[in-house]
J.: 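Mind looking over this structure? Questions follow.
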Amino acid sequence: MKRPWRVLLAFHKPYGVISRFTTDGSSHATLAGFGFPPRVYPIGRLDADSEGLLLLSDEPALNRRLLHPGQRHPREYWVQIERIPAADALRQLATGVRVLNRLTRPGQVRLLEPPPDVPPRQPPIRTRKSVPTAWLALELTEGKNRQVRRMTAAVGHPTLRLIRVRIGAYGLGQLRPGTWLTLDQAGREAVLGATSLRPESPRR
């Protein structure tokens, strides 16, 4: 039997675009305007005010393999925050922050110095001359709703800009905002990592 067509896409989602093909009633653009092939849908999501790497596929099983909490699949974000964080704030982000009455899983965090060279955002972030900003690299293995923003706010550093730059071992690289590509076998393996070898947990 011929194997069904399967595809995995990497998309650099711009600011102001929702992670769905139909409108949510807001003024935000949808995924429908970027020329994706038929039958694909987003694996996970990025909020309209977040940017960066979004995967799309026509493979239903990838949702569980990449998003199920038991897989602990890593994602890296570059986060521009208000003010320069002290060592204690970085330690809290790495060890776990209480958000919505639960402690986030431990992750990895580091200051990005110098700040990363990222495409300009449209519209630009609103800055205050009296308030310095800093960039963090934050790696998580879970992705609750608006988790990164809630984590940085909980340690006193509101998020100004949020870009997802890596899923598994696959990085955003030079993919420009609003563009996408079809992953080859090497790219697919970089995304899936250990989950491509790990059996799925039995359904209960």
Side-chain angles (χ1 to χ4, degrees), residues 11 13-20 22-28 30-31 41-56 60 62-112 121 125-128 131-168 172 191 193-195 198 200-204:
F11 174 52
K13 190 191 83 64
Y15 177 86
V17 176
I18 57 175
S19 298
R20 50 187 286 177
T22 57
T23 182
D24 61 358
S26 71
S27 61
H28 295 306
T30 72
L31 298 176
Y41 59 90
I43 303 296
R45 64 191 294 272
L46 283 172
D47 294 320
D49 53 357
S50 299
E51 310 161 64
L53 183 58
L54 179 68
L55 301 175
L56 297 96
L62 291 187
N63 258 310
R64 183 172 180 84
R65 292 172 67 179
L66 293 176
L67 304 180
H68 190 278
Q71 297 288 0
R72 296 179 181 257
H73 202 65
R75 304 131 187 159
E76 183 177 345
Y77 302 84
W78 287 353
V79 193
Q80 188 178 17
I81 58 173
E82 286 190 353
R83 298 184 298 278
I84 311 302
D88 183 61
L90 298 179
R91 183 166 53 251
Q92 288 181 64
L93 290 172
T95 58
V97 178
R98 189 157 295 278
V99 171
L100 299 179
N101 295 319
R102 62 175 296 275
L103 195 65
T104 60
R105 283 180 176 169
Q108 298 182 37
V109 61
R110 69 184 191 280
L111 271 173
L112 291 173
R121 200 193 80 174
I125 65 166
R126 287 181 289 180
T127 58
R128 293 181 287 171
V131 180
T133 67
W135 281 89
L136 304 178
L138 182 60
E139 182 182 297
L140 303 176
T141 57
E142 60 181 349
K144 304 295 184 182
N145 183 39
R146 298 186 74 80
Q147 177 168 332
V148 173
R149 296 178 188 276
R150 287 176 168 146
M151 288 176 68
T152 65
V155 298
H157 295 275
T159 290
L160 299 172
R161 189 175 180 189
L162 176 60
I163 307 171
R164 183 161 61 194
V165 297
R166 180 171 55 82
I167 297 175
L172 192 60
V191 166
T195 67
R198 185 182 304 163
E200 289 195 26
S201 303
R203 297 181 182 272
R204 297 185 181 275

J.: Could you tell me which residues satisfy side chain to side chain donor-acceptor pair (under 3.5 Å) with Asp88, sequence neighbours excluded, listed by chain and number?
T.: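 By the side chain to side chain donor-acceptor pair (under 3.5 Å) rule, Asp88 matches Arg91, Gln92.
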J.: Which residues pass the salt bridge (charged side-chain N to carboxylate O under 4.0 Å, His left out) test with Arg105, sequence neighbours left out?
T.: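 Checked Arg105 against salt bridge (charged side-chain N to carboxylate O under 4.0 Å, His left out); zero matches.
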J.: Within the structure provided, determine whether Val155 and Pro85 are in side-chain contact (heavy-atom separation under 4.5 Å).
T.: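 Contact flag for Val155/Pro85 side chains = no.
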J.: Any side-chain heavy atom of Arg83 within less than 4.5 Å of one from Pro158?
T.: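 Arg83 vs Pro158: side chains touch.
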J.: So, using salt bridge (charged side-chain N to carboxylate O under 4.0 Å, His left out) as the criterion, who are the partners of Arg121 when residues are at least two apart?
T.: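 Checked Arg121 against salt bridge (charged side-chain N to carboxylate O under 4.0 Å, His left out); zero matches.
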J.: Would you indicate whether the side-chain heavy atoms of Arg150 and Lys144 approach each other to under 4.5 Å?
T.: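 Lys144 vs Arg150: side chains apart.
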J.: Could you tell me which residues satisfy side-chain contact (heavy atoms from CB on, under 4.5 Å) with Val165, sequence neighbours excluded, listed by chain and number?
T.: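 side-chain contact (heavy atoms from CB on, under 4.5 Å) list for Val165, sorted by chain: Glu76, Trp78, Ile163.
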J.: Check whether any side-chain N or O of Arg166 sits under 3.5 Å from a backbone N or O of Gly168 as a donor-acceptor pair, and report yes or no.
T.: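 Checked: pair present.
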J.: By salt bridge (charged side-chain N to carboxylate O under 4.0 Å, His left out), which residues pair with Arg126, not counting sequence neighbours?
T.: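 Not a single residue meets the salt bridge (charged side-chain N to carboxylate O under 4.0 Å, His left out) criterion with Arg126.
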J.: Can Trp135 and Arg161 be said to form a side chain to side chain contact (heavy atoms under 4.5 Å, CB included), step by step?
T.: CA-CA 9 Å; Trp135 281 89; Arg161 189 175 180 189; 3.9 Å; yes
J.: Working to the nearest 0.5 angstrom, can you tell me the gap between Leu55 CG and Lys13 NZ?
T.: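 It comes to 13.5 Å.
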J.: Decide yes or no for Met151 and Val99: does some side-chain heavy atom of the first lie under 4.5 Å from some side-chain heavy atom of the second?
T.: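 Met151 reaches Val99 side chain to side chain.
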J.: Are any of the side-chain nitrogens in Glu142 or Arg72 under 4.0 Å away from the carboxylate oxygens of its partner?
T.: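 Salt bridge flag = no for Arg72 with Glu142.
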J.: With a 4.5 Å cut-off on side-chain heavy atoms, are His73 and Thr141 touching?
T.: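 Thr141 does not reach His73 side chain to side chain.
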J.: If I take atom CG from residue Leu160 and atom CZ from residue Arg128, how far apart are they, to the nearest 0.5 angstrom?
T.: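 The CZ atom of Arg128 is 8.5 Å from CG of Leu160, to the nearest 0.5 Å.
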J.: With side chain to side chain contact (heavy atoms under 4.5 Å, CB included) as the test, pick out the partner of Val79 among Val109, Val148, Leu112.
T.: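 The option that passes is Val148.
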J.: Looking at residues at least two apart in the chain, or sitting in another chain, which of them share a side chain to side chain donor-acceptor pair (under 3.5 Å) with Thr127?
T.: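 None.
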J.: Mark yes or no for whether Arg164, through its side chain, and Leu53, through its backbone, hold a donor-acceptor pair below 3.5 Å.
T.: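 A pair under 3.5 Å: yes.
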J.: Nearest 0.5 Å, what's the CG-CD1 distance between Asp24 and Ile18?
T.: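 These two atoms lie 4.0 Å from each other.
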J.: When you measure from the side chain of His157 to the backbone of Glu82, do you find a donor-acceptor pair of N or O atoms at a distance under 3.5 Å?
T.: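 Side chain of His157 to backbone of Glu82: a pair is present.
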J.: Nearest 0.5 Å, please: how far is CD1 in Ile81 from CG in Leu162?
T.: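 Separation between the atoms: 12.0 Å.
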J.: Do Leu111 and Leu90 touch side chain to side chain, with heavy atoms closer than 4.5 Å?
T.: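 Side-chain contact under 4.5 Å: yes.
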J.: Examine the side chains of Thr152 and Thr159 and answer whether a donor and an acceptor come within less than 3.5 Å of each other.
T.: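 Short answer, yes.
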J.: What pairs with Thr104 under side chain to side chain donor-acceptor pair (under 3.5 Å), at least two apart in sequence or on another chain?
T.: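 Per chain and number, Thr104 pairs via side chain to side chain donor-acceptor pair (under 3.5 Å) with no residue.
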J.: Rounded at 0.5 Å granularity, tell me how far CG in Leu67 sits from CG in Leu62.
T.: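 Result: 9.0 Å between the selected atoms.
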J.: Kindly write out the residues that satisfy side-chain contact (heavy atoms from CB on, under 4.5 Å) with Asp49, not counting sequence neighbours, or none if the list is empty.
T.: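 Asp49 satisfies side-chain contact (heavy atoms from CB on, under 4.5 Å) with Tyr15, Asp47, Arg146, Arg149 only.
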J.: I'd like to check the side-chain contact (heavy atoms from CB on, under 4.5 Å) partners of Ile84; sequence neighbours left out, ordered by chain and number.
T.: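 Listed in chain order: Pro132, Ala134.
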J.: Any chance you could lay out the side chain to side chain contact (heavy atoms under 4.5 Å, CB included) test for Leu31 and Leu54, step after step, and finish with the verdict?
T.: CA-CA 11 Å; Leu31 298 176; Leu54 179 68; 4.2 Å; yes
J.: Using the test side-chain contact (heavy atoms from CB on, under 4.5 Å), find all partners of Ser27 that sit at least two apart in sequence or belong to another chain.
T.: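 None.
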J.: Residues two or more places apart in sequence or in another chain: which of them pass side chain to side chain donor-acceptor pair (under 3.5 Å) with Ser19?
T.: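 Testing Ser19 for side chain to side chain donor-acceptor pair (under 3.5 Å), a comparison that skips the adjacent residues, returns none.
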J.: So, taking the atom named CG in Leu93 and the one named CG in Leu140, what distance separates them when rounded to the nearest 0.5 Å?
T.: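 The CG atom of Leu93 sits 9.0 Å away from the CG atom of Leu140.
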J.: Can you list everything that forms a ring-ring contact (aromatic ring centres under 6.0 Å, His included) with Phe11? Sequence neighbours excluded, please.
T.: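 If we apply the ring-ring contact (aromatic ring centres under 6.0 Å, His included) test to Phe11, skipping adjacent residues, the hits are Phe34, Phe36.
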